[in-house]
Amino acid sequence: MDEIAAFVDNAHPVDLAAWLDQLPRSDAWSHLARLALARRACVFASLPLESQAELTRAVSPSDIAEIVTQMDTDDRADLFNVLTPVEQHRLAEHLADEERENIRQLSAYEAGTAGAIMTTDFAILGAEMTTLEAIAALRRQAPDTETIYRSYILDDASHLIGSLRLHELILAMDDALIGDIMDTSPISVSVTMDQEDVAKIIARYDILAVPVVDAEGRLLGIVTHDDAADAMQAETTEDFQKISTVLPFAQNMREAGIRILYSKRIVWLALLVFGNLFSGAGIAYFEEMILAYVSLVFFLPLLIDSSGNAGSQSATLMVRALATGDVALKDWRNLILRELAVAAALGATMALVVFPVGALRGGAGIALTVGLTMFVVVIIGSLVGMSLPFLLTRLRLDPATASGPLVTTISDGVGVLIYFSIATLVLGL
C-alpha cells in the first residue's frame, strides 16, 4: 500500500491517469479524492473523455464541479460536450456563472472547428505598456493562463493588433513600449476554420499557439500546439477508418461496443457486395471462354489482386499527399502523366514475372494473355487509385474514402472484363 500511495503522490499526471483508467471507477475516485485539488484536476483532465464522463456520473456533481473549475477552459468544454443534457444541467448547477457561461460559449462552436478546440485562457497586454509593466501583468495572469510564451495585444474593441514572444519581452529595454516591439502582423485563424487546417498552420509556422479571431478580427481564444496535435491525431484516426471503408466513430477500440463496430462496418461492406456482383457477372458472361481454357481461372485471382494492390498503393499515396497539402487539384494533370509512366513500368515488370508461369501452365497463348492483362490492369488500377481521391476532393467529399476496399472493388470488376476480353482476342474465341 505504501508503494501505491507513493506512486499516486509522485507519478506524472499522465502516467497516473493511465493507471487509474484501468481501475474500477470507485477505486479510481478514491485515489483521486486524496490528491490536492490542482493535481486532482490535472490527472482528471489527462483521463480519456469517456472515462471522465463515467467518473462524472459516478460521483457527486459538487465534487466534479470542484475539479472542472480548475481545468483548462477547452478541457472542461470537451467534457461538457460528451455528457447528456441532464448531466450537463446537473453539473452546471454547481458551477459559478462565469464558468457556466464560458462552457456554454465554447460548447456552441461546431465540432471539428478552431472554436471547438480553442481555450480562452491566454495572456493579454496593452500596446501602451512598458516592458516592466508587461512583465508585471504577465506575473498576475500566469496562474490562470495556459501559456505565457506569447502574449496578445488588443485594442479597446478586443481586435487583435499584435503579439509578442516572451523571449522578446525579456530582452527588450525596461522602458520600451509594447506597441513598438510587438509583431504587428500575427498569424491568426478564423473561429470556423477546420481543426486539421489549424494544426497544419501551427506545424507550418512552428508556433506554440495560434490566436483564433471572429469575422471582425476580435480575439476569441487560442489553439495550443498540444490541442492541435490531439486534433490531428483524431483526424488521422478518422482517415484510417475511412481508408478501410469504416464509418468514423469517436470511441477507441477498447471502449467501442459490438453494436457500434457492427453499425460502422456493415454499411460499406453491404454496398461493396454489389460492386463484387459486377465481377461475378463478368465471369458469367465469359463462361464459354473459361470452359474452353480452364487454366485461365488459375491466374484470375493473381491478376485482379495485382490491379487492386496497385490501385490501393496509388490511392493511399495520393490521399496522404492531399491531406498534407503536398499536392492540390491543379496538379492532377501532371500527376496522372507521371503515374501513367510509373504504372507502365510496374505493369511491364510484373508481366515479365508472370509470363513464364503462364507458359508453363498453359502454353504461349495463355502466357501472352496473362502478360498483357497484367500490364493493362496494373495501369488501370493505378490510374483509378490516383484519380478517385482527386474526384472526391473536387466533389467536396473526403478523399480517404477512395482507398482500400473501394479501389479494390472497382479494379476487380474492370480487371475481370479486361482479362477475358484480352483472352478472347489472343486465343481467337
Side-chain angles (χ1 to χ4, degrees), residues 112-113 189-190 192-201 203-204 231-248 264 267-269 271-276 278-279 303-350 373-418:
T113 63
V189 299
S190 166
T192 58
M193 179 179 284
D194 186 271
Q195 63 181 16
E196 188 173 5
D197 294 329
V198 175
K200 289 178 183 177
I201 288 176
R204 178 179 181 180
M232 185 60 78
Q233 181 178 347
E235 293 285 352
T236 302
T237 299
E238 183 176 315
D239 284 346
F240 269 104
Q241 291 169 346
K242 289 180 178 178
I243 284 172
S244 302
T245 58
V246 175
L247 297 179
K264 297 301 182 180
V267 175
W268 269 106
L269 284 177
L271 290 174
L272 291 174
V273 165
F274 294 98
N276 291 325
F278 181 71
S279 300
L303 293 170
I304 62 175
D305 283 354
S306 295
S307 176
N309 291 339
S312 294
Q313 283 184 340
S314 297
T316 301
L317 291 173
M318 204 51 55
V319 166
R320 186 57 184 166
L322 286 168
T324 59
D326 290 342
V327 299
L329 285 175
K330 61 183 178 62
D331 300 316
W332 182 81
R333 186 185 300 274
N334 292 333
L335 289 172
I336 199 163
L337 291 175
R338 189 181 68 182
E339 183 66 20
L340 180 60
V342 173
L346 293 171
T349 302
M350 296 178 70
T373 302
M374 178 65 80
F375 178 73
V376 174
V377 297
V378 168
I379 292 177
I380 297 298
S382 297
L383 295 181
V384 168
M386 199 213 72
S387 301
L388 271 180
F390 278 101
L391 177 61
L392 291 174
T393 301
R394 187 63 181 268
L395 297 175
R396 300 186 182 278
L397 299 173
D398 195 326
T401 311
S403 295
L406 179 58
V407 170
T408 300
T409 300
I410 295 174
S411 299
D412 286 356
V414 174
V416 167
L417 295 180
I418 291 173

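Please read these numbers as outputs of a predicted model, since none were measured by experiment.
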Tell me the closest heavy-atom pair linking [X] and [Y], and the distance in Å.
X	Y	answer
M193	I201	SD-CD1, 3.8 Å
L329	F390	CD2-O, 3.6 Å
L322	K200	O-NZ, 4.3 Å
S382	V378	OG-O, 2.8 Å

Query raised in the report: If we only count heavy atoms from C-beta on, is the I304 to V377 side-chain gap below 4.5 Å?
Result: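 No, their side chains stay 4.5 Å or more apart.
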Query raised in the report: Can you tell if the side chain of I418 reaches within under 4.5 Å of the side chain of I380, non-hydrogen atoms only?
Result: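 They are in side-chain contact.
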Query raised in the report: Can any side-chain N or O of S314 pair as donor or acceptor with the backbone N or O of A310 at less than 3.5 Å?
Result: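 Checking the backbone N and O of A310 against the side chain of S314, a donor-acceptor pair under 3.5 Å is found.
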Requested in this report: Applying side-chain contact (heavy atoms from CB on, under 4.5 Å), name anything that partners I336, two or more places apart in sequence or on another chain.
Outcome: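 For I336, the residues satisfying side-chain contact (heavy atoms from CB on, under 4.5 Å) (neighbours in sequence not counted) are W332, L383, M386, S387.
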Out of curiosity, [X] [atom1] to [Y] [atom2], how far, rounded to the nearest 0.5 Å?
X	Y	atom1	atom2	answer
L340	L335	CG	CG	12.5 Å
M318	L392	CE	CG	13.0 Å
L303	D412	CG	CG	11.0 Å

